[in-house]
Amino acid sequence: MKADAASPAIRVCAMPADANPYGDIFGGWLMSQMDTAAGLVAARAAGGRAVTVAVDGMSFVRPVKVGDEVSVVGEVVRRGRTSLSIHIQAWRRDRHEEGAELVTEATFTFVALDADGRPRRIDEAARLD
């Protein structure tokens with residue numbers, strides 16, 4: 001998956017409130033953006049409410065600075081009876097340049113829930129898209 005080959009689920013500019021005193025964006029802020037993006041992908045793929053139940057290991061390979069454009073892209077990599085795994089990548093781009101760099105990636109696991117908050121079967125039609 002490449003930043004320019006997939007449509008971003010989220011694209012946002014990193015702001016000073018999201019950074020430490022040195023201008024580096026907090027890893028927790030970036031993980032939140034990734035979880036939000038994964039949730040958007042999961043809700044569409046599950047045909048309704050889905051919640052995060054696990055995240056695999058995440059390593060930050062490049063810093064994100066205040067003013068950088070952050071694009072988060074994702075794709076469904078596994079579909080189960082009630083769960084989905086979404087592979088998410090976060091890319092950064094200096095706002096004055098064209099090239100993007102991979103910052104981090106992880107796989108988020110979601111479970112589809114019914115109206116009572118219990119796991120529900122993912123509709124076969126939703127599982128095929």
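When all heavy atoms of Val76 and Ile86 are compared, the closest pair comes out as CG2-CD1, 3.6 Å. For Cys13 against Gly67, the heavy-atom pair with the smallest separation is SG-O, 3.7 Å. Shown here for Pro63 and Asp24, the closest heavy-atom pair between the two residues is CB-OD1, 4.2 Å. Scanning all heavy atoms of the two residues, the minimum distance from Arg49 to Arg120 falls at O-NH2, 3.5 Å. The two atoms that bring Gln33 and Ile10 nearest to each other are O-CD1, 3.5 Å, heavy atoms only. The heavy-atom pair separating Val64 from Ala14 by the smallest distance is CG1-CB, 4.1 Å.
Cluster annotation: Met15 and Val103 are assigned to distinct hydrophobic clusters (Ile/Leu/Val/Met/Phe/Trp/Tyr, side-chain heavy-atom contacts under 4.5 Å, transitive). The hydrophobic clustering, which links ILVMFWY residues whose side-chain heavy atoms are closer than 4.5 Å, places Val55 and Trp29 together. In the hydrophobic clustering of this structure, Val53 does not group with Leu40; members are Ile, Leu, Val, Met, Phe, Trp, Tyr whose side-chain heavy atoms approach within less than 4.5 Å, directly or through other members. Under the 4.5 Å side-chain heavy-atom criterion for grouping Ile, Leu, Val, Met, Phe, Trp and Tyr, Val77 is not connected to Leu84 through any hydrophobic cluster. Hydrophobic clustering keeps Ile122 apart from Val111 (ILVMFWY residues linked when any side-chain heavy atoms are closer than 4.5 Å, directly or through intermediates).
For the pair Glu101 and Asp94, the minimum side-chain heavy-atom distance is 4.5 Å or more. Looking only at side-chain heavy atoms (C-beta outward), Thr82 and Phe110 stay at 4.5 Å or farther from each other.
Classification of Glu69 and Arg11 as a salt-bridged pair holds, one side-chain N sitting under 4.0 Å from a carboxylate O.
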Exercise for review: Please test Arg92 against Ser71 for side-chain contact (heavy atoms from CB on, under 4.5 Å), starting from the C-alpha separation and ending with a verdict.
Suggested key: CA-CA 6 Å; Arg92 65 151 304 272; Ser71 296; over 6 Å; no
**Study point:** Pair Val72-Ile88, side-chain contact (heavy atoms from CB on, under 4.5 Å): steps then yes or no
**Key:** CA-CA 7 Å; Val72 183; Ile88 295 289; 3.4 Å; yes
Review point. Would Arg93 and Val70 satisfy side-chain contact (heavy atoms from CB on, under 4.5 Å), going step by step from the backbone distance to the final call?
Key: CA-CA 7 Å; Arg93 183 185 68 80; Val70 176; over 6 Å; no
Exercise for review: Report the C-alpha distance between Met58 and Glu105 in whole Å, list the side-chain angles of each, state the deciding distance to 0.1 Å, and finish with yes or no for side-chain contact (heavy atoms from CB on, under 4.5 Å).
Suggested key: CA-CA 6 Å; Met58 182 181 295; Glu105 59 189 320; over 6 Å; no
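Checking each of Arg62, Met34, Gln89 against Thr104 for a side chain to side chain contact (heavy atoms under 4.5 Å, CB included) leaves exactly one that passes, namely Met34.
Asp18 places no side-chain N or O within donor-acceptor distance of the main-chain N or O of Ile25, the cut-off being under 3.5 Å. Panel note: side chain Asn20, backbone Gly23; a donor-acceptor pair is recorded below 3.5 Å. At distances below 3.5 Å, at least one donor-acceptor pair connects side-chain atoms of Thr36 with backbone N or O atoms of Ser32.
Between the side chains of Arg78 and Ser83, at least one donor N or O sits under 3.5 Å from an acceptor N or O.
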